[in-house]
Amino acid sequence: MKRALIVGRSNVGKTLFCIHFAEYLGLSKLRWRVEHPEGRRESLRLGVQQSKAELTNAAPHFTRALQSVDIDVPRGKLGYQLMLTDSTGLTDGIHSDVGLRSAMAQTLEQLLHADVILHMVDAAEIMWAPLDEQIYAFGRKSKGYLLLANKIDLPAAKRGYRQLARRVSPALILPVSALNGNGFREVKQCVWRMA
Ligand SMILES: Nc1nc2c(ncn2[C@@H]2O[C@H](COP(=O)(O)OP(=O)(O)OP(=O)(O)O)[C@@H](O)[C@H]2O)c(=O)[nH]1
Ligand SMILES: [Mg+2]
């Protein structure tokens, strides 16, 4: 089982990406294993539409736990199993909400165990914060790392993507749209190579 962790600031589209990427890889029912920062665990079985309605939101800091789905990814005759984990959005500095701080700590701890780090930024609102620089610096030294420049469906994202592409190694960045599936084939190929 290979572990891919999606990390980034709040509201960049991490949860929507997990849902639609899992759907792209063949899941119609998503069995979410949710690990809350205080240790409580729960299991949710939701369809794609239900997952979107219940787990994504335009309001920031909506996800406050680790939530994973296991996916059988076809690869040749055998395929492989991928555990795709969505996480709590990170912020620069120390957040005033204690619960959110524990959830962020949980995300950071998972970074150490991931086989592939999918670092997501919102290309339409490029705010390459010190936090992103730190995730990039950590990620590029680890086994697998990919910067996903999300929301490429929005007009402002094209320029944002070009700016981001100047900052990072070209082999490590992909433009994607968690909303409409742009770039998913390329993400699948990269994860396949890295995992
Ligand atoms: N246009 C567009 N909107 C997107 C895309 N991805 C996500 N969104 C929207 O951005 C908002 C945030 O999406 P989420 O998936 O909840 O973001 P998140 O990164 O999980 O946010 P937190 O859980 O708060 O950290 C929602 O309103 C989504 O519909 C995209 O590729 N294109
Ligand atoms: Mg989320």
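One-based numbering, in listed order, for ligands and for the atoms of each. Keep in mind that the numbers below use all heavy atoms, side chains included, and drop hydrogens, waters and symmetry copies.
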* Asked: How far apart are the C-alpha atoms of Lys188 and Val73, what are their side-chain angles, what is the distance that settles it, and do they pass the side-chain contact (heavy atoms from CB on, under 4.5 Å) test?
  -> CA-CA 9 Å; Lys188 181 186 169 190; Val73 184; 4.1 Å; yes
* **Residue portion contacting ligand 1 (non-hydrogen atoms closer than 4.0 Å) for Ala124** => neither
* **Minimal non-hydrogen separation, Glu35 against Gln106, with atom names** => O-NE2, 2.8 Å
* Before signing off on this row, confirm whether Leu55 and ligand 1 have an N or O atom pair separated by under 3.5 Å. => no
* **Between Ser177 and Asp153, a side-chain donor and acceptor under 3.5 Å** => yes
* **N/O/S atom of Thr56 inside 2.8 Å of the Mg ion (ligand 2), strictly under** => no
* Structure fact -> For Ala178 and Gly13 the tightest heavy-atom approach is CB-O, 3.9 Å
* Is Asn11 close enough to the Mg ion (ligand 2) to have an N, O or S atom under 2.8 Å? -> no
* Distance-only N or O hit between ligand 1 and Ser10, under 3.5 Å -> yes
* Asked: For ligand 1, which atoms have a heavy atom of Gly89 less than 4.0 angstrom away?
  -> 25 (O)
* ligand 1 versus Leu154, non-hydrogen atoms closer than 4.0 Å: side chain, backbone, both, neither? -> side chain
* Asked: Going by the atom numbers of ligand 1, which of them fall below 4.0 Å from some non-hydrogen atom of Asp153?
  -> 1 (N), 2 (C), 30 (C), 31 (O), 32 (N)
* **Sub-3.5 Å N/O-N/O distance, Phe62 and ligand 1** => yes
* Indicate yes or no: does an N/O atom of Thr63 lie under 3.5 Å from an N/O atom of ligand 1? => yes
* **Donor on one side chain, acceptor on other, Thr63 and Thr88, under 3.5 Å** => no
* Structure fact -> among protein heavy atoms, the one nearest atom 20 (O) of ligand 1 is Thr15 OG1, 2.8 Å
* Structure fact -> Closest heavy-atom pair, Leu82 versus Met1, reported as atoms and distance to 0.1 Å, is C-SD, 4.0 Å
* Asked: Taking both backbone and side-chain atoms of Ser87, is any N or O found less than 3.5 Å from an N or O belonging to ligand 1?
  -> no
* Structure fact -> Gly13 heavy atoms within 4.0 Å reach ligand 1 at atoms 6 (N), 7 (C), 13 (O), 14 (P), 15 (O), 17 (O), 18 (P), 19 (O)
* Structure fact -> Residue, atom and distance of the protein heavy atom nearest atom 5 (C) of ligand 1 read Lys151 CG, 3.6 Å
* Asked: Ion pair present between Asp122 and Arg9, side-chain N to carboxylate O less than 4.0 angstrom?
  -> no
* Enumerated ligand 1 atoms positioned under 4.0 Å from heavy atoms of Ala58 -> 27 (O)
* Of the non-hydrogen atoms in Leu30 and Val48, which two are nearest, and what is the gap between them? -> CD1-CG2, 3.9 Å
* Asked: Can you check ring pair (Phe, Tyr, Trp, His ring centres under 6.0 Å) on Tyr145 and Phe138, steps first, answer last?
  -> CA-CA 9 Å; Tyr145 170 87; Phe138 174 82; 9.2 Å; no
* Give me the one residue out of Glu125, Met120, Lys151 that meets side chain to side chain contact (heavy atoms under 4.5 Å, CB included) with Val12. => Met120
* **Option set Leu16, Thr107, Leu148, Asn57, criterion heavy-atom distance to atom 26 (C) of ligand 1, minimum** => Asn57
* Does an N or O from Pro60, backbone or side chain, lie closer than 3.5 Å to an N or O of ligand 1? -> no
* Asked: What part of His61, side chain from CB on, backbone N/CA/C/O, both or neither, has a heavy atom under 4.0 Å from ligand 1?
  -> backbone
* Asked: Less than 3.5 Å between some nitrogen or oxygen of Asn11 and one of ligand 1, yes or no?
  -> yes
* Closest contact, heavy atoms only, Leu55 versus Phe62 -> O-CD2, 3.3 Å
* Charged N to carboxylate O below 4.0 Å: is that the case for Asp97 and Arg64? -> yes
* Could you tell me whether some N/O pair between Ala178 and ligand 1 is separated by less than 3.5 angstrom? => yes
* Asked: When you measure from atom 6 (N) of ligand 1 to each heavy atom in Asn180, Leu179, Asn182, Asn150, which option holds the nearest one?
  -> Asn150
* So, Ser51 versus Trp32: side-chain donor-acceptor pair below 3.5 Å or not? -> yes
